[in-house]
Amino acid sequence: MSDLFKVERAERGIVTVTLTRAKIHNAFNDEMIEGLTDTFKELGSDDNCQIIMITGEGKSFCAGADLNWMKKMVDYSVEENYKDSMALATLFETIDKCPKVVIGKVNGAALGGGTGLVAVCDHVIAHEDALLGLTETRLGLVPAVISPYIIRKIGESNARTLFLSGKRFDAKEAMRIGLVHQVSLDRHFEKDSEELCHEFLKSGPEAKAVAKELIQSVTRLSEPNDYMDYTCKTIAGRRVSSEGQEGMNALLEKRKPNWLND
């Protein structure tokens, strides 16, 4: 997959996945989708990985679908299009459910499916010049596969104006509507990204995974008896876990927990 993306490991379990199709703005094709899906599945079960940062080479983060890939779609049947779309949906669901912290380092344009990639990240830092857009309707299409993740982040009202208009918007607007968490100036972008990783490393490795699952589960439970039972069982389990015990004892003993001593 070296011509599509690269995976680089750094100290303390930080892994960077960089899309490397800079000449075509890191656009998706079926091979990239399959490779990224496999990579996130592998990293999700890797005990030596704590944080996955995804970014792009060149001027763009990800410009959505590769034009050559789209040419094939024109002649696809409904069944072939469904199968093709299911592969993309599986990628987004895999990243969304990944038990590791997923940070989107948006270095440039993130359009169509690229904006969907932004939406499934746990935290997004965007370069000041980043440009986003749900541009599918301008091609007579709709952002269907990415819609659950986008709407969850920005809400129905923002989705209506952005889905229907297909307009592009800058990083500040993306932060205002909840798609991006911070905007970084060019001269601070690399430093801010590095500092961000170290903030997430302060949390217990297991606790981060449980917290991510907690958020996704609670937002899908509607009855008080359901979420009260689930949340109480979750905290009870964490309190008696080895990591929870270590964290509480570290606080009482006024020392750092062992995951900060690596």
Side-chain angles (χ1 to χ4, degrees), residues 1-10 12-22 24-46 48-66 87-127 129-133 145-146 149-150 152-153 171 174-175 179-184 189-201 208-209 212:
M1 297 295 172
S2 59
D3 60 330
L4 302 174
F5 62 91
K6 61 184 178 182
V7 179
E8 299 171 294
R9 292 177 179 269
R12 299 194 65 193
I14 300 172
V15 179
T16 300
V17 176
T18 306
L19 308 184
T20 56
R21 311 183 80 202
I24 56 171
H25 303 283
N26 300 315
F28 287 127
N29 65 7
D30 48 0
E31 189 180 357
M32 179 188 276
I33 290 167
E34 181 182 359
L36 287 173
T37 302
D38 291 343
T39 296
F40 271 87
K41 285 179 179 177
E42 291 168 7
L43 292 174
S45 59
D46 185 348
N48 294 317
C49 171
Q50 282 207 60
I51 294 172
I52 306 169
M53 179 173 281
I54 185 164
T55 191
E57 278 189 354
K59 296 181 178 180
S60 298
F61 175 71
C62 177
D66 178 345
L88 184 60
T90 300
L91 169 62
F92 290 125
E93 188 69 6
T94 299
I95 298 175
D96 189 59
K97 293 291 194 303
C98 181
K100 311 299 181 179
V101 176
V102 180
I103 296 175
K105 182 182 176 185
V106 183
N107 55 296
L111 304 173
T115 302
L117 197 56
V118 171
V120 292
C121 294
D122 300 311
H123 186 100
V124 179
I125 178 170
H127 187 280
D129 293 331
L131 189 66
L132 298 90
V145 171
I146 61 176
Y149 313 102
I150 297 286
R152 198 183 303 158
K153 286 286 180 73
M175 185 168 69
L179 195 56
V180 163
H181 298 90
Q182 65 185 100
V183 178
S184 181
F189 189 52
E190 294 302 325
K191 181 174 178 288
D192 288 347
S193 299
E194 183 178 340
E195 289 179 351
L196 175 62
C197 287
H198 290 292
E199 283 299 312
F200 279 100
L201 287 171
K208 286 193 285 279
K212 188 167 181 176

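The CD1 atom of Ile14 sits 5.0 Å away from atom CD1 of Ile51, with the distance rounded to the nearest 0.5 Å. Between Leu36 atom CG and Phe92 atom CZ the span is 9.5 Å, to the nearest 0.5 Å. In this structure, the separation between CD on Glu31 and CG on Asp3 is 6.0 Å, given to the nearest 0.5 Å. Atom SG of Cys62 sits about 11.0 Å away from atom CG of Leu132, to the nearest 0.5 Å. Taking NZ from Lys6 and OG1 from Thr39, the interatomic distance works out to 14.5 Å, rounded to the nearest 0.5 Å. For the atom pair CG (Leu201) and CG (Leu196), the distance works out to 9.5 Å, reported to the nearest 0.5 Å.
Contact detail for Leu131 and Leu111: the closest heavy-atom pair is O-CD2, 4.0 Å. Taking every heavy atom of both residues into account, Gly44 and Pro99 meet most closely at O-CG, 3.2 Å. Nearest heavy atom pair, residue Thr115 against residue Ala110, reads OG1-O, 2.6 Å. The two residues Ile103 and Ile125 make their nearest non-hydrogen contact at CG2-CG2, 4.4 Å. Across all their heavy atoms, Phe40 and Cys98 have their closest contact at O-SG, 4.2 Å. Closest of all the heavy-atom pairs between Asn26 and Ser60 is ND2-O, 2.8 Å.
Among residue pairs with one or both ends in residues 104-126, those qualifying as salt bridge (Lys or Arg N to Asp or Glu O under 4.0 Å) are Lys105-Glu190, Asp122-Lys212; sequence neighbours excluded.
The shortest side-chain heavy-atom distance between Lys208 and Gln50 falls under the 4.5 Å cut-off. A heavy-atom distance below 4.5 Å is found between the side chains of Arg9 and Asp46. When side chains are defined from C-beta on, Val120 does not count as touching Val102, because their heavy atoms never get closer than 4.5 Å. By the 4.5 Å heavy-atom criterion applied to side chains, Asp66 and Arg21 are counted as neighbours.
In this structure, His123 and His181 have parallel ring planes: the angle between them is below the 30° cut-off, well short of the 60° mark.
Not counting sequence neighbours, Glu8 has no partner by the salt bridge (charged side-chain N to carboxylate O under 4.0 Å, His left out) test. With sequence neighbours excluded, no residue forms a side-chain hydrogen bond (donor to acceptor under 3.5 Å, both in side chains) with Asn29.
The 12-atom threshold is not exceeded at NZ of Lys59, counting heavy atoms of other residues, nucleotides or ligands nearer than 6.0 Å. A 6.0 Å sphere centred on NZ of Lys41 holds no more than 12 heavy atoms belonging to other residues, nucleotides or ligands.
Remark: the backbone N or O of Leu4 is paired with a side-chain donor or acceptor of Thr20 at under 3.5 angstrom.
Looking at Val183, Asn107, Val106, Asp129 one by one, the single match for side chain to side chain contact (heavy atoms under 4.5 Å, CB included) with Phe189 turns out to be Asn107.
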